[in-house]
Amino acid sequence: MKPKMVIGNWKMNKSFEEADDLIIAIGEQIAGLRLETGVVLCPPFLYLELATDQAQEADFTVGAQNCSEFKNGAVTGEISAEMLAELGVEFCIIGHSERRKFFNESNDTIAQKTNILLENQLVPVVCCGEVIEERKVNRHFEVVEKQIKESLFHLSKEDFESVVIAYEPVWAIGTGETATPEQAEEMHAFIRQLIEKRYGTETAYAAYILYGGSCNAQNALDLFAKPNVDGGLIGGASLKANEFVAIIEAAETVIKEN
């Protein structure tokens with residue numbers, strides 16, 4: 001079994017002092033665990049340097065929560081992939097359902113961001129997922145397939161192998177609802193089949209497909225035990241060091257048991 005991956009998406013939370021405390025606490029708690037799990041912290045932009053400074057001596061890497069689809073120039077308020085790379089950031093979340101909903105981001109926009117991140121040697125963490133109305137009418141596979149194909153399937157095989165996919169059923173984000181392990185596995189297996197058809201078996205089974213959607217310390221073990229769930233994109237539970245580290249430990253348990 002390949003190592004798991006756990007990414008913490010802090011969203012727009014924490015003061016500067018709280019962010020510093022949380023970064024340090026997570027670093028201290030995972031020190032000495034000899035992790036096989038890849039751990040990524042994604043704080044707000046203002047706290048990225050705090051995280052990259054700590055990451056030099058800790059067992060985690062750092063990601064951003066978004067980037068601009070433009071390379072640089074007169075785009076007030078935006079942050080470029082090049083800026084992130086220069087800061088030591090290694091991952092970047094794009095296409096999150098909140099970006100799609102509140103900022104009207106399209107699959108085409110996400111494809112542009114993917115390209116720019118790859119050009120700057122950052123790993124795109126590309127989110128996909130359906131809303132509750134789409135699942136109720138059994139369109140969830142159709143929706144996710146369209147998102148993935150339009151956002152990612154323009155890539156060469158070599159470039160695609162640098163991408164992480166995060167499936168996040170929108171109805172389970174911040175609601176306390178969670179897809180059952182069986183629902184998560186069903187969609188993850190479907191996504192892997194799409195990748196296999198486009199890029200081949202080796203690329204499909206090497207690809208990281210993470211689950212996002214109210215994953216917490218109580219359900220992480222059952223979710224991560226599913227063969228096509230390669231880890232988690234963690235929201236609210238990543239804001240508490242003990243809870244986040246418990247999720248990491250669940251990933252480690254699955255690795256050791258397999």
Could you state whether Phe103 and Phe70 fall into the same hydrophobic cluster, counting links through intermediate Ile, Leu, Val, Met, Phe, Trp or Tyr residues with side-chain heavy atoms under 4.5 angstrom apart?
-> no

Might you work through the side chain to side chain contact (heavy atoms under 4.5 Å, CB included) test for Glu69 and Lys113, ending with a clear yes or no?
-> CA-CA 5 Å; Glu69 68 264 39; Lys113 292 185 178 188; 3.7 Å; yes

If Ile, Leu, Val, Met, Phe, Trp and Tyr residues are connected whenever their side-chain heavy atoms lie under 4.5 Å apart, and connections chain through other members, are Met187 and Val125 in the same group?
-> no

For the hydrophobic clusters of this structure (ILVMFWY residues joined by side-chain heavy atoms under 4.5 Å, transitively), does one cluster hold both Phe141 and Val126?
-> yes

Evaluation steps, side chain to side chain contact (heavy atoms under 4.5 Å, CB included), between Asp59 and Val39 | CA-CA 7 Å; Asp59 199 8; Val39 178; over 6 Å; no

Do Val6 and Ile26 share a hydrophobic cluster, counting only Ile, Leu, Val, Met, Phe, Trp and Tyr and linking them when any side-chain heavy atoms are less than 4.5 Å apart?
-> yes

Compute whether any side-chain donor of one residue and acceptor of the other, for Glu243 and Asn216, lie under 3.5 angstrom apart.
-> no

Roughly how far, to the nearest 0.5 Å, is the CD1 atom of Ile110 from the CD atom of Glu105?
-> 6.0 Å

Counting heavy atoms not belonging to Glu49, are there more than 12 under 6.0 Å from its CD?
-> no

Within the distance-only criterion (no hydrogens, no angle test), does the side chain of Lys2 pair as donor or acceptor with the backbone N or O of Asp230 below 3.5 angstrom?
-> no

Output for pair (Asn66 CG, Cys92 SG), nearest 0.5 Å, gives 6.0 Å

Donor on one side chain, acceptor on other, Trp171 and Glu133, under 3.5 Å = no

Between Glu36 and Lys4, does at least one N-O distance fall below 4.0 Å, as a salt bridge requires?
-> no

Evaluate whether atom NZ of Lys14 has more than 12 neighbouring non-hydrogen atoms of other residues, nucleotides or ligands under 6.0 angstrom away.
-> yes

Neighbour count >12 (heavy atoms, 6.0 Å) for atom CD, Glu78 | yes

What orientation do Phe153 and Tyr199 show, parallel under 30°, tilted 30 to 60°, or perpendicular over 60°?
-> perpendicular

Is there a side-chain contact between Pro181 and Phe224, using heavy atoms and a 4.5 Å cut-off?
-> no

Quick check: are there more than 12 heavy atoms from other residues, nucleotides or ligands sitting under 6.0 Å from CD of Glu17?
-> no

Test Glu185 against Asn228 for side-chain hydrogen bond (donor to acceptor under 3.5 Å, both in side chains), laying out the working first.
-> CA-CA 6 Å; Glu185 170 64 14; Asn228 285 292; 2.7 Å; yes

Show your reasoning for whether side chain to side chain contact (heavy atoms under 4.5 Å, CB included) applies to Asn120 and Leu84.
-> CA-CA 9 Å; Asn120 286 275; Leu84 296 175; over 6 Å; no

OG1 on Thr61 to CE on Met5, rounded to 0.5 Å = 7.5 Å

Under a 4.5 Å side-chain heavy-atom rule over Ile, Leu, Val, Met, Phe, Trp and Tyr, are Tyr208 and Tyr211 clustered together?
-> no

